[in-house]
Structures are given as C-alpha cells and as structure tokens.
Amino acid sequence: YAPLSSTIFCDSCSDCSSKIQSASLGDTIYLSQSLSGVVGNCIEFSGHDNVTFDCQNNFIQGDGIGTDYGIYLSFGSDNNTIRNCNVSNFSYGIRLSSSSNNVLTNITANSNLDGIYFSYSSNSQITNVTTNSNNQYGIYFYSGSNNILTNITTEENVNYDIYFVASSDSYCNNNFTNVT
C-alpha cells in the first residue's frame, strides 16, 4: 500500500516552509506566485525528506542584504526535488548542507553571492541549471561526491563557474554532461 500524495499550494516564504516541513511522503508543494524583496531565508526544508517543491517558474528574489538563502536544504533534507525555480539576490540562491539524494531541475540561480552551494551533500542530480553573474561561484561543491550535472550553463561568475573543494580526490567523484 502506497501512501497518497497531495498537491499543496503556498504563497509566501513562511507558508511554503511550513507546508514543506509538515508534508507527507511524496507530497508536492507549488509556489503560487513570485516572491520579491525577501528579507532573510525564504524556503527552508529543515531536515524534511521526500518532498517536491515546484516554483512553477515563479521568481524568489531576495533583498540582496545579509547572509541568507533562497532555498535551503539542511540537516539531512534528503530525497527531495526542487524544480522550475528562478532564485536571485541571496547570499546562496540554493544551499544544500548535509543533504543528499536530491534532484534540482530547471533552476536558474543568477545574481546571488553563490548560485548553488553544496556542502557535505552527495548523490544529487543537477539538471537544466543556469548559474550566471553570481558574485563568487556559479556552483560550489564542498566535500561531496557522486553528484551528476547535466545540461548546465554557467558563466560570468566572479570567481569560478563550478568549483570543488574536497579533502581528497575520493570526495570529488562527480559526473558532467553538456556543461558550458
């Protein structure tokens, strides 16, 4: 017997975060409108697993001040999907910290400090992603492995378009397809 999944709509950072954190296995949370001028962190998974967050091509735009996250998967937020999102003007457009087996697809993370930042996060699929004009890195990996990058466009980021920091080569086993 498989649990029934629900379709849930949200319309603000706090509303989306609350609904993600209380979602059941397999639920999909849809952002129903663009969010602009966001102060602080916006979407937070806070260790919740097995949820899909779909921005429906809406924008999540920060205020460009302080250290904050557009979408934040932390504390073992595993097996989630984030799709159809355009995230800008945050310190970290999307940050995964100690969160693995996630899928990021149809993502644009431009004009942040770092577009997408992975720390201690492995076995994720990053597909159809654009990270341009970020003030440091397009995509940054710290001590993760077995991430699969497909159809990535990243350019005009100040430091590096894609950057890896790992304690040894064994932590840097990632696969690339069609990365420009």
Side-chain angles (χ1 to χ4, degrees), residues 5-24 26-46 48-65 68-74 77-96 99 101-118 121 124-135 137-140 147-157 161-162 176-180:
S5 60
S6 295
T7 299
I8 302 163
F9 292 89
C10 62
D11 61 7
S12 70
C13 296
S14 60
D15 185 35
C16 293
S17 294
S18 175
K19 288 177 177 174
I20 288 167
Q21 293 165 22
S22 64
S24 298
D27 283 352
T28 300
I29 292 82
Y30 291 93
L31 179 61
S32 60
Q33 65 182 10
S34 290
L35 307 174
S36 62
V38 172
V39 176
N41 297 345
C42 190
I43 308 301
E44 297 188 61
F45 279 70
S46 297
H48 207 72
D49 302 329
N50 300 298
V51 173
T52 296
F53 178 65
D54 189 330
C55 292
Q56 298 190 101
N57 297 313
N58 286 304
F59 290 79
I60 301 174
Q61 187 175 47
D63 64 357
I65 300 171
D68 51 13
Y69 312 102
I71 300 173
Y72 189 29
L73 285 81
S74 62
S77 301
D78 300 325
N79 303 305
N80 295 297
T81 298
I82 299 171
R83 65 184 182 208
N84 306 317
C85 296
N86 186 325
V87 185
S88 63
N89 291 335
F90 289 94
S91 293
Y92 304 94
I94 299 175
R95 179 160 183 188
L96 290 84
S99 299
N101 302 306
N102 292 293
V103 174
L104 277 65
T105 187
N106 300 325
I107 302 293
T108 300
N110 296 341
S111 302
N112 299 285
L113 186 63
D114 293 320
I116 301 173
Y117 188 103
F118 289 80
S121 299
S124 291
Q125 296 178 31
I126 303 97
T127 306
N128 298 328
V129 168
T130 300
T131 60
N132 296 332
S133 303
N134 292 289
N135 289 328
Y137 303 99
I139 304 174
Y140 185 100
N147 294 296
I148 300 170
L149 286 76
T150 307
N151 295 329
I152 306 297
T153 301
T154 181
E155 61 188 10
E156 297 180 14
N157 298 290
D161 292 326
I162 300 175
F176 299 89
T177 307
N178 194 21
V179 176
T180 59

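What you are looking at is a predicted structure, and each value in this text was computed from that prediction instead of being measured.
- Looking at Q21, its side chain never comes within 3.5 Å of a backbone N or O of H48 through a donor-acceptor pair.
- Smallest separation of non-hydrogen atoms from N112 and F90: OD1-N, 2.9 Å.
- The backbone N or O of C42 lies less than 3.5 Å from a partner atom in the side chain of S17, making a donor-acceptor pair.
- Not a single donor-acceptor pair under 3.5 Å links the side chain of T81 to the backbone N or O of T52.
- In this structure, the side chain of N157 engages the main chain of N134 through a donor-acceptor pair within 3.5 Å.
- A side-chain donor-acceptor contact under 3.5 Å links N147 to the backbone of S124.
- Here CG of L73 is found 11.5 Å from CZ of R95. Values are rounded to the nearest 0.5 Å.
- The 12-atom threshold is exceeded at OH of Y30, counting heavy atoms of other residues, nucleotides or ligands nearer than 6.0 Å.
- Taking both residues in full, the closest heavy atoms of T154 and T131 are given as OG1-OG1, 2.8 Å, listed atom of the first, atom of the second, then distance.
- One distance of note links CG of L96 with OH of Y140; it measures 14.5 Å at 0.5 Å rounding.
- With hydrogens and angles ignored, the 3.5 Å screen pairs a side-chain donor or acceptor of Q33 with a backbone N or O of D11.
- One side chain, D54 or N84, offers a donor N or O that lies under 3.5 Å from an acceptor on the other.
- Using modelled atom types, no side-chain atom of D27 and backbone atom of V51 make a donor-acceptor pair closer than 3.5 Å.
- The shortest distance between side-chain heavy atoms of I82 and I43 does not fall below 4.5 Å.
- A donor-acceptor contact shorter than 3.5 Å links the side chain of D68 to the backbone of S91.
- N110 places a side-chain N or O within donor-acceptor distance of the main-chain N or O of N132, the cut-off being under 3.5 Å.
- Shown here for I71 and C85, the closest heavy-atom pair between the two residues is CD1-SG, 4.0 Å.
- Across all their heavy atoms, N80 and D49 have their closest contact at OD1-C, 3.3 Å.
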TODO: Could you please spell out the steps behind the side-chain contact (heavy atoms from CB on, under 4.5 Å) verdict for I139 and L149?
DONE: CA-CA 10 Å; I139 304 174; L149 286 76; 4.3 Å; yes
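- Take Q56 and apply the side-chain hydrogen bond (donor to acceptor under 3.5 Å, both in side chains) test, not counting sequence neighbours, and it matches no residue.
- Residue S77 holds its OG atom at 10.5 Å from CG of N50, rounded to the nearest 0.5 Å.
- Atom SG in C13 sits 6.5 Å away from atom CD1 in I60 (nearest 0.5 Å).
- Classified by interplanar angle (parallel below 30°, tilted 30° to 60°, perpendicular above 60°), the ring pair Y92/Y117 is perpendicular.
- Between the side chain of S121 and the main chain of S99, a donor-acceptor pair closer than 3.5 Å is present.
- One distance of note links CG of N86 with OG of S34; it measures 8.0 Å at 0.5 Å rounding.
- I8 CD1 to C16 SG: the interatomic distance, rounded to the nearest 0.5 Å, is 10.5 Å.
- Heavy-atom minimum distance, F9 versus D15: O-OD2, 4.2 Å.
- Across all non-hydrogen atoms, the minimal contact from V39 to D63 is CG2-OD2, 3.4 Å.
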